[in-house]
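Reviewing the structure listed below.
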Amino acid sequence: MALLLNRKYGSRLECLYYILTSCYNKFGTSNVFSLKDLKYDDDDSKNVHQYCQQLQNILGRQCCPYLNNPLSLSKCYATQSVDSDSTKSKAVSDIGGSLEALGFITRLGKRTYKVSSEGEKWVNSSFNSSEWEEIARKGVLSYGVIIGFLNRIAELPDDFTYQGLYLSYPHTAETVLYTDPNGISSYIDISTGSQKDSNTRTMSRLIGWCVAVGLIEPKGVAGAASPLAHIKYHDFLNKEELTVRNFKKTALCKSLFNHKLKVANPLSYSRLHKNAESMRENGGEDLRNATLQNKSKILDRRYVFVYVLNHYSKNNRALDFEKLVQAMENHSEAFFTAGNDAHAIMESECEIGDIAGIPFTIENDTMFVAKTTIEESVLNEDAPSESIKLAKKIIEEMEAM
DNA sequence: GAGAGGTTTGGAGAAACAGC
DNA sequence: GCTGTTTCTCCAAACCTCTC
């Protein structure tokens, strides 16, 4: 159930590797664990400090170099500890999401996981080996959001800056009539997109991963003498902050879309919209409630777009956008808020293709040609059966036009 | 070199949900 | 029902780049 990652914690693949090593030694591939099991615990003989190669000796203690206060009880920047978690589980949550996006752990229930066979292979590879980087690269390229990022930079010159690139949930201009619990009605612009700092955090993450697996190189950074990207740019990757804005594409990056890719970890149904339940400020309760009232419409129309585009991609056909909107308008209640233009909304919503792992080109103004196919079972993982049925019906209706 | 303005990141606070 | 988890927005510190 891959999600849109937007925190710094999991941006260092090396940290993820040591955390996964600790996890694998505790649970193997057959035992279930939850995120709190990844947090540093002094009483755990297999905690992450037993495997981490980045610890620094400070005042006679082994300390994580990425904590602002190395002597902090948090112990590990990326997971925090059972004794002190100044990030309210945001860190360990991001680590779980990262390992899942890479395909190294698999989600079983809402909050339970197992180490996957790919994860096991990665743990059993040596950090300094090409095998390590190959497994990591396969993981990075399996993540839908990365494919969206690589598609965006494919349109840029070989030497590029990531300033101005945004990878986030689409913004639709959409006003709905909302009645609060006191019976007072007002028009509210519902919140469909991400805030700017969320984009910044996502970008920081994606760049870290792409450099580590040899897809892009930081400009003006003298790397170490190694053919392996994660060794060559080890110091750059382990910097506290991303400060380089200029990058260069590698040959691998430039050839990536020569063939149609199959994306193993696209965003899942429920991740096609941000978690609006967690919104609090910026208009407060009414904005949250008005957005939540329309959550299923937002999810379903994004899902249908991705599902249908993938269907046509699998059949090596282009999607007729006009027909799609027409078919969706036949089920207007399911997809669109009253008083808003369906065509305009879908023109915004189709941007979801990038982060969902299925970027596309547009031919003859209305024909959408996908550059990838995505793993449908991951997209459908938490999709209601009604939504899946509706997506199939839309395809039938399009074919009948 | 100073100052303005932008970026990156950690952390706080909040709401809803999951699971016991 | 309670506790812990998940993930959002916002704030601010620290740092960077750009201009003069």
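Each chain gets a letter, A, B and so on, in the order its sequence line appears, and its residues count up from 1. In what follows, every heavy atom counts, from backbone to side chain, and hydrogens, waters and symmetry copies are set aside.
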Query raised in the report: What integer distance in Å separates A/L73:CG from B/dG11:P?
Result: 13 Å
Report summary line: Of the candidates B/dG10, C/dT6, B/dT8, the side chain of A/T200 sits closest to B/dT8
Query raised in the report: Which listed nucleotide (B/dA15, C/dT5, C/dT7) is nearest to the side chain of A/S93?
Result: C/dT7
**Report entry** Verdict with reasoning, A/F305 to A/F360, per ring-ring contact (aromatic ring centres under 6.0 Å, His included)
**Finding:** CA-CA 12 Å; A/F305 175 77; A/F360 55 87; 5.8 Å; yes
Query raised in the report: Between A/E217 and A/K248, does at least one N-O distance fall below 4.0 Å, as a salt bridge requires?
Result: no
Report summary line: From CG of A/L267 across to P of C/dT7 the rounded distance in Å is 12 Å
Query raised in the report: Taking only N and O in the side chain of A/Y77, is any of them less than 4.0 Å away from OP1 or OP2 of B/dT9?
Result: no
Query raised in the report: For DNA chain C, whose closest nucleotide is more 5', that of A/R111 or that of A/N6?
Result: A/R111
Requested in this report: Could you check whether A/Y169 gets within reach of a base, just the sugar-phosphate, or nothing at all, counting any heavy atom under 4.0 Å?
Outcome: nothing
Report summary line: Atom NZ of A/K90 and atom P of B/dA16 are separated, to the nearest Å, by 17 Å
Report task. Name the closest nucleotide to the A/R288 side chain, picking from C/dT6, B/dA15, C/dT5. Result -> B/dA15
Query - Separation of C/dC8 P from A/N289 CG (nearest whole Å) - result: 17 Å
Query raised in the report: Under 4.0 Å between a Lys/Arg side-chain N and an Asp/Glu carboxylate O for A/K232 and A/E133?
Result: no
Query raised in the report: What orientation do A/H230 and A/F127 show, parallel under 30°, tilted 30 to 60°, or perpendicular over 60°?
Result: perpendicular
Query raised in the report: Is the base of B/dG19 touched by the side chain of A/K36 through a donor-acceptor pair closer than 3.5 angstrom?
Result: no
Requested in this report: Write down the distance between NZ (A/K88) and C1' (C/dT5), rounded to a whole number of angstrom.
Outcome: 12 Å
Report task. Answer yes or no for A/R301 and A/F336: cation-pi contact, defined as NZ/CZ to six-membered ring centre under 6.0 Å and angle to ring axis within 45°. Result -> no
Report task. Let me know the distance between CG of A/D382 and P of B/dC17, rounded to the nearest Å. Result -> 15 Å
Report task. Mark yes or no for a side-chain to base donor-acceptor pair under 3.5 Å between A/R7 and C/dT9, with no hydrogen or angle criteria applied. Result -> yes
Requested in this report: Report which part of the nucleic acid A/R271 touches: base, sugar-phosphate, or nothing (heavy-atom distance under 4.0 Å, all strands).
Outcome: sugar-phosphate
Requested in this report: Quick one: label A/S204 by what it contacts on the DNA or RNA (base, sugar-phosphate, nothing), any heavy atom closer than 4.0 Å.
Outcome: sugar-phosphate
Requested in this report: Starting at atom OH of A/Y162, determine the distance to atom P of B/dT7, rounded to an integer number of angstrom.
Outcome: 9 Å
Report summary line: A/Y113 OH to C/dT6 C1', in whole Å, measures 9 Å
